[in-house]
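Comments concern the structure below.
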Amino acid sequence: MMAVTNGVIHASSREPLFSFGVIADVQYADIPDGRSFLGVPRYYRHSISVLQRAVSRWNKQHNIKFSINFGDIIDGYCPKDKSLWAVQKVLDEFEKFDGPTYHMFGNHCLYNLPRSKLVSLLKMPANSDRAYYDFSPCPEYRFVVLDAYDLSAVGWSHDHPVTADAMKLLDEKNPNTDKNSPDGLVGVDRRFVMFNGAVGKEQLSWLNNVLRDASAHQQNVIMFSHLPMDPGSASPAALMWNYDEVMAIVWQYNCVKACFAGHDHKGGHSVDSHGIHHRTLEAALECPPGTSAFGHIEVYPDKLLLVGSDKMADTEMRFKP
Ligand SMILES: Nc1ccn([C@@H]2O[C@H](COP(=O)(O)OP(=O)(O)OC[C@H](O)CO)[C@@H](O)[C@H]2O)c(=O)n1
């Protein structure tokens with residue numbers, strides 16, 4: 001079988017077990033183009049065209065089992081009286097995909113709408129307004145979606161105990177008055193900013209149980225999180241606050257083969273000390289008109305192959321034997 005992607009020709013003697021579609025940081029808003037805090041251009045209206053192209057491509061492929069949206073479905077600059085309308089407009093595009101789409105929270109989702117509203121709008125298979133869950137489309141594979149803003153200073157009401165815990169942590173770790181600023185923080189400590197968050201204690205325990213069960217069933221596990229979890233795959237300021245605690249659990253087992261994330265719009269790829277691939281996906285929001293960033297991932301027994309559109313780089317991820 002031959003696949004031509006981004007000008008690279010991949011030859012594989014086997015068919016994939018299945019494939020799934022990926023897109024990150026659509027951050028749609030019906031507002032003029034702008035820039036990030038650091039000056040990178042953002043195309044708020046065009047990002048939905050990127051999604052439209054993604055869905056059209058996935059449907060033409062005929063073998064995409066599900067799609068996964070890595071969060072930040074709309075942007076924080078979306079006028080708040082239009083948040084619901086904007087989320088629905090993006091969801092209407094995902095609805096055109098011939099399969100289920102799984103969503104996760106990003107910080108920009110939570111700037112716009114409360115957790116409970118998002119869990120139902122995004123039809124998350126979660127038990128509460130904590131948005132973590134797992135699913136298994138075939139016996140050999142298990143997918144885990146993390147709620148990276150479980151412990152966070154955004155998304156919970158001002159008087160919620162989680163907000164107090166998150167602010168306490170930020171006060172301890174980040175001396176800046178503006179807690180969104182990593183100024184003066186060094187290395188991976190730059191992650192202690194308000195636009196990031198952490199996996200809470202209950203979720204860590206749930207993750208441990210899922211990984212134990214997956215190991216017992218000899219399943220390969222792929223993890224999805226809005227926030228990256230390996231310093232090699234993203235800027236320090238984009239990392240999950242407690243990526244180290246999550247990875248300490250992951251490393252107790254041999255089942256996790258790859259972790260995918262969004263949030264750090266330029267994208268990245270690393271392989272950690274335990275041979276696990278970490279792939280941060282390039283953002284749809286930062287695609288100038290006419291360009292795209294989406295892809296699909298071919299799943300094999302011994303590797304994943306990310307087949308990207310133009311701004312999303314192809315990546316082969318072979319599993320450590
Ligand atoms: N140095 C910074 C960076 C950001 N801010 C403010 O924080 C809010 C969120 O930033 P934004 O860049 O929009 O967040 P994204 O989730 O799109 O991107 C993630 C990061 O780029 C990770 O690399 C926003 O209000 C910014 O103005 C800040 O004050 N100082």
Side-chain angles (χ1 to χ4, degrees), residues 23-29 31-48 50-51 69-80 83 86-87 90 103-113 118 131 146-150 152-155 163 166-167 170-171 173-198 224-243 259-270 278-287 293 311:
I23 190 161
D25 299 278
V26 173
Q27 276 179 242
Y28 171 71
I31 58 172
D33 295 343
R35 285 176 187 274
S36 72
F37 186 84
L38 296 174
V40 179
R42 290 182 166 185
Y43 306 92
Y44 300 105
R45 288 192 177 113
H46 176 258
S47 65
I48 206 160
V50 178
L51 173 60
N69 169 29
F70 281 81
D72 283 358
I73 191 165
I74 58 172
D75 192 87
Y77 284 132
C78 177
K80 297 301 158 277
S83 297
V87 170
V90 181
H103 297 272
M104 66 194 80
F105 287 167
N107 48 315
H108 283 267
C109 308
L110 298 165
Y111 297 150
N112 277 276
L113 289 161
L118 284 163
L146 295 181
D147 181 346
Y149 290 88
D150 188 4
S152 167
V154 292
T163 307
M167 285 312 298
L170 281 175
D171 282 337
K173 302 283 189 183
N174 183 336
N176 295 311
T177 313
D178 174 5
K179 300 296 181 202
N180 270 324
S181 170
D183 287 355
L185 300 178
V186 176
V188 292
D189 279 353
R190 291 174 68 77
R191 72 190 186 277
F192 292 109
V193 283
M194 203 164 170
F195 54 78
N196 294 333
F224 301 133
S225 155
H226 183 67
L227 299 177
M229 297 190 292
D230 186 67
S233 68
S235 308
L239 293 167
M240 182 187 282
W241 290 343
N242 65 340
Y243 74 86
C259 301
F260 291 89
H263 194 54
D264 196 10
H265 297 179
K266 67 184 187 312
H269 176 224
S270 61
H278 294 258
R279 181 70 171 86
T280 305
L281 299 172
E282 294 79 358
L285 176 66
E286 290 179 4
C287 294
K311 278 174 72 82

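One-based numbering, in listed order, for ligands and for the atoms of each. Computation of the quantities below employed the complete heavy-atom set of this structure, encompassing side-chain atoms and omitting hydrogens, waters and symmetry-equivalent molecules.
- The D264 neighbourhood of ligand 1 comprises atoms 23 (O), with distances under 4.0 Å to a heavy atom of that residue.
- Only the side chain of D178 comes within contact range of ligand 1, with a heavy atom under 4.0 Å; no backbone atom does.
- For D72, every heavy-atom contact with ligand 1 shorter than 4.0 Å involves the side chain, none the backbone.
- Annotation: side chain of Q27 is not in contact with side chain of I74 (no heavy-atom distance under 4.5 Å).
- Rounded to the nearest 0.5 Å, atoms CG (L51) and CD1 (I73) are 8.0 Å apart.
- Counting non-hydrogen atoms of other residues, nucleotides and ligands closer than 6.0 Å to OH of Y111 gives a total above 12.
- At least one heavy atom of P182 sits under 4.0 Å from some atom of ligand 1.
- Both the backbone and the side chain of N180 come within contact range of ligand 1, each with a heavy atom under 4.0 Å.
- Using the six-membered ring where Trp is involved, Y77 and Y44 have ring planes that are perpendicular, over 60° apart on the 30 and 60° scheme.
- Distance from atom 10 (O) of ligand 1 to its nearest protein heavy atom, with residue and atom name: F195 CD2, 4.1 Å.
- Distance remark: protein heavy atom not present below 4.0 angstrom from atom 24 (C) of ligand 1.
- By the 30° and 60° cut-offs, the orientation of the rings of F224 relative to F70 is perpendicular.
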